[in-house]
Amino acid sequence: MWRSGDRPDSRRDPTRRLRRGRPGRSAFAAGLAVAVAVAAGIGLAATPATAGFTDVTATSGIDVYAVHSPTTVEIFSGGVAAGDYDHDGWIDLYVTRGQAGFPCLYRNRGDGTFEDATGTAGLATATGLWSGATFADVDGDGWLDVVLLGILDVPPRLYLNRRDGTFGLASGTGLSLPGNSYSASFADVDHDGDLDMFVGRWGTYWYDLDRLTERTGHLWLNDGSGHFTDASGPAGLSVFTTLQGEAVFDWWTFTGNFADVDRDGWLDLLVTGDFGNSKILHNRGDGTFEPVVANGVPNDENGMGGAVGDVDGDGDLDWFVSAIFDANGPQPDWGASGNRLFLNDGTGRFADATEAAGVREGGWGWGSTFADLDLDGDVDLAHVNGYSSYWGPTFVADPMRIFLSNGDGTFVESAAALGVDVPDDDRGIVAFDYDRDGDVDLFLSPNQGGARLLRNDGPSGSSVTVKLRGRGANTEAIGARVELDTAAGTQVREIRAGGNFASQDPAEALFGLGGATSADAIRVSWPNGTQTTLSGAKPGRIVLSEPAPGDAGCTATSPANVCMPGSSSARSTTECLLEWRVDGVTLSRDRTGAPIAKVSCREGDPACDAGGPADSCIFTVAACLNNRDPRLPACKPSDVAAFDVRSPRKTSTLAFDRNANKLIVAALGPSGGVGIVPGVFRNATPDSCETMQVEVRLANGGLRPAKMTLDLRVTSSDGRTDGDKLLLTCLPRS
């Protein structure tokens, strides 16, 4: 029987065929077509390709060198997490290094470079043999925490984000994972509002029955605070069976991808596993999963990495599995028939389309990801490769693969044409726009050697990046479905945390627009089932916020839901970037009878006072962004790029003024709610209503009226401003 570190030597076919992509897609594709044609010797002029990727590692500030033993399960390790841990709008990286030392946290400066923030972030104590890392907001506070997974009985660690640029080691997490763990993926599998976790677990103890401890450990349910309970058994995910008196693992898992592949509203689980153990697991919606096998799928022989995306443009999610391709054919004890691409029929049943798609030959594949690398509106495929061992350099000199989509479900392998066919030994991969220029760059995390940052210098098209702000504990709206329409069709993404093998892309969706100048519509199906639609989105980066459950919305016509434009007079013009709404109050009106932005409430009146301590009124106030209220004909909704709370000030000597300031910032600022990050993302959510309760305390021991002014100025990305004041008056009991 084969054991870790015993796979035999083989080499791939050096005459692997390159095929030409379709012409006229973009400058990126045009340059690529020339390069591929020359490589294939089909007679085009030897014009050098101007498109492709540039290795900018040396100038980026990233300096990661990984060392792992080639004789143990360390040979599988080498992960990287990608996410904005410090809320500055730029994607940061957390990279494992094996025996070279603790993982390194690289903070994105926003100028094309990174700084090593490991020490200042409090992560320099994370010693151990770490295989992979994942960013996720596990405690629901709006800030990304990080999970490290270990091998050779190194227990996992959860570091909680302290919201000040530092992390603290969590205790009492409930996580117990002896043996080897490689990939963590997060999603709300039980619809309780927080993020649960799947862990890829590669068994090593089948030959040592005395150490057989890895009975479960795949599915962990979160209680909302970052404490996890192993639910593998009850969910149907136990990991071994007993056969003829010998303990035999029937799951050697590497990577899990949560995805709603049958569109029933519950996230299913696609698991890549070694030795023919990949699985499609349907979420029954009752806390359990059932395996789905149709058309002989899954049929990969050695699944390692995974990627999920709509490769054929039919609106459902397909599944790619990276595996092992050996041109010499199958080897003893393990197959080598290559990658797999499984097409979804829309019901969660898949068919093998590998050969027709042209993605089988990928070397020894690991981390995988779908991304629109050339911005033509179709998802392309990238995966890293390599396998070094103590007996020979079988797959060491094996470059990564980039399969560019032809737009019809087929691909052309283009790594050489794009300048990334450098021999390497990588495990993790991240597709992200690190420099915010609108295209997808790549970061490769090594098992042996140095990490690489590859800047995309090719596409001439434009893109829209969508970032979601969820309510409740699922603050990144993991599991939401995002669709973008252009004249060419509809593109689909699901927001996910983890799933690239020991690595993850950031939780955002980047759509190439092809030849379009804007998106006709963007539709979001949120995890709670609500919908948001945005029309006419221009190229750039936007934030969309999840509607509050049961919120009547800013365009409701109820008398208790009147938006009041302008500052203190209904006659003033307004851009409708912001409107105030106050529920349950008697509106002040001007001489024409129009409502004005002055409201009053008598303390204790149940119609307008939301309760709270005596001698004060608790107003229920909503800030309505990008309001489209038909009663306000002068409105010109737009995206909000920045905001400024002018009153009440956080420096006020009155505690309730300071508290009101904090409420507004929490609702509209980057720590929650709309999540505006000035200069980076634009909040374009139509009719976004952020509700808060504001206290106005009576003066003179509750005997005299008191007033509070809410004065907020917002600015759109094109420089227009809207400064609206709302005067709240609390009256004593009569």
Side-chain angles (χ1 to χ4, degrees), residues 183 185 187 198 200 202 218 235-237 239 241 249-264 266-284 288-326 329-330 334-362 364-370 379 381 383 401 403 405 408-411 492 494 496 499-501:
S183 303
S185 304
F198 176 84
W202 195 87
H218 277 88
L237 307 185
V239 302
T241 60
F249 281 83
D250 61 0
W251 274 32
W252 300 71
T253 62
F254 274 131
T255 308
N257 271 283
F258 289 108
D260 185 5
V261 296
D262 53 6
R263 301 294 305 278
D264 66 352
W266 294 84
L267 291 171
D268 309 299
L269 183 56
L270 307 175
V271 180
T272 62
D274 213 351
F275 307 117
N277 284 297
S278 294
K279 298 182 186 298
I280 300 166
L281 298 168
H282 169 246
N283 189 337
R284 292 189 177 105
T288 67
F289 292 79
E290 62 179 342
V292 176
V293 178
N295 306 311
V297 170
N299 60 4
D300 56 285
E301 295 173 308
N302 295 281
M304 286 170 282
V308 177
D310 181 12
V311 303
D312 51 2
D314 63 355
D316 52 47
L317 296 174
D318 309 303
W319 182 28
F320 173 80
V321 174
S322 62
I324 307 169
F325 179 81
D326 190 332
W334 54 280
S337 60
N339 300 327
R340 295 292 191 276
L341 178 62
F342 302 129
L343 294 186
N344 190 349
D345 67 1
T347 69
R349 289 169 170 78
F350 294 81
D352 187 342
T354 309
E355 198 64 37
V359 297
R360 183 180 300 279
E361 301 180 17
W364 197 301
W366 294 99
S368 312
T369 183
F370 283 119
V379 291
L381 173 63
H383 74 79
R401 303 296 193 271
F403 296 94
S405 172
D408 58 3
T410 66
F411 297 80
V492 177
E494 269 191 359
R496 53 180 41 88
N500 295 6
F501 180 80

*Can you check ring-ring contact (aromatic ring centres under 6.0 Å, His included) on Phe198 and His218, steps first, answer last?*
CA-CA 5 Å; Phe198 176 84; His218 277 88; 5.4 Å; yes
Looking only at heavy atoms, what is the nearest atom pair of [X] and [Y], with distance?
X      : Y      : answer
Phe403 : Val359 : CE2-CA, 3.7 Å
Val261 : Asn344 : O-ND2, 2.8 Å
Asp300 : Gly273 : OD2-O, 3.9 Å
Gly409 : Ala357 : O-CB, 3.5 Å
Ser185 : Gly499 : OG-N, 3.7 Å
Val379 : Phe411 : O-CE2, 3.6 Å

Between [X] (side chain) and [Y] (backbone), is there a donor-acceptor pair under 3.5 Å?
X      : Y      : answer
Thr255 : Met304 : yes
Thr354 : Leu341 : yes
Asp316 : Gly346 : yes
Thr288 : Gly236 : no
Thr272 : Ser278 : no
Asn283 : Leu267 : yes
Asp318 : Val311 : yes
Glu301 : Gly338 : no
Asn339 : Ala323 : yes

Please report the interatomic distance [atom1]([X]) to [atom2]([Y]), rounded to the nearest 0.5 Å.
X      : Y      : atom1 : atom2 : result
Leu270 : Leu281 : CG    : CG    : 8.0 Å
Arg401 : Phe325 : CZ    : CZ    : 9.5 Å
Leu269 : Phe289 : CG    : CZ    : 5.5 Å
Trp364 : Asn302 : CH2   : CG    : 7.0 Å

_Partner set under salt bridge (charged side-chain N to carboxylate O under 4.0 Å, His left out) for Asp312, not counting sequence neighbours_ =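 With sequence neighbours excluded, Asp312 shows a salt bridge (charged side-chain N to carboxylate O under 4.0 Å, His left out) to no residue whatsoever.
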*Parallel, tilted or perpendicular: which describes the rings of Trp366 and Phe501, with under 30° parallel and over 60° perpendicular?*
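Tilted, since the angle between the ring planes falls between 30° and 60°.
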*Parallel, tilted or perpendicular: ring planes of Trp202 versus Phe254, cut at 30 and 60 degrees*: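 Ring orientation of Trp202 relative to Phe254: parallel.
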Just wondering, do [Y] and [X] contact through their side chains at under 4.5 Å, heavy atoms?
X      : Y      : result
Val271 : Ile280 : no
Phe320 : His383 : yes
Trp319 : Pro298 : yes
Asn299 : Phe342 : yes

*Determine, stepwise, if the pair Asp260 / Asp268 fulfils side-chain contact (heavy atoms from CB on, under 4.5 Å).*
CA-CA 5 Å; Asp260 185 5; Asp268 309 299; 3.8 Å; yes
*asked:* Show every salt bridge (charged side-chain N to carboxylate O under 4.0 Å, His left out) that has at least one partner inside residues 348-357, sequence neighbours left out.
replied: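 The answer is Arg340-Asp352, Glu355-Arg360.
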*side-chain contact (heavy atoms from CB on, under 4.5 Å) between Val308 and Glu494: does it pass, once the steps are laid out?*
CA-CA 9 Å; Val308 177; Glu494 269 191 359; 5.8 Å; no
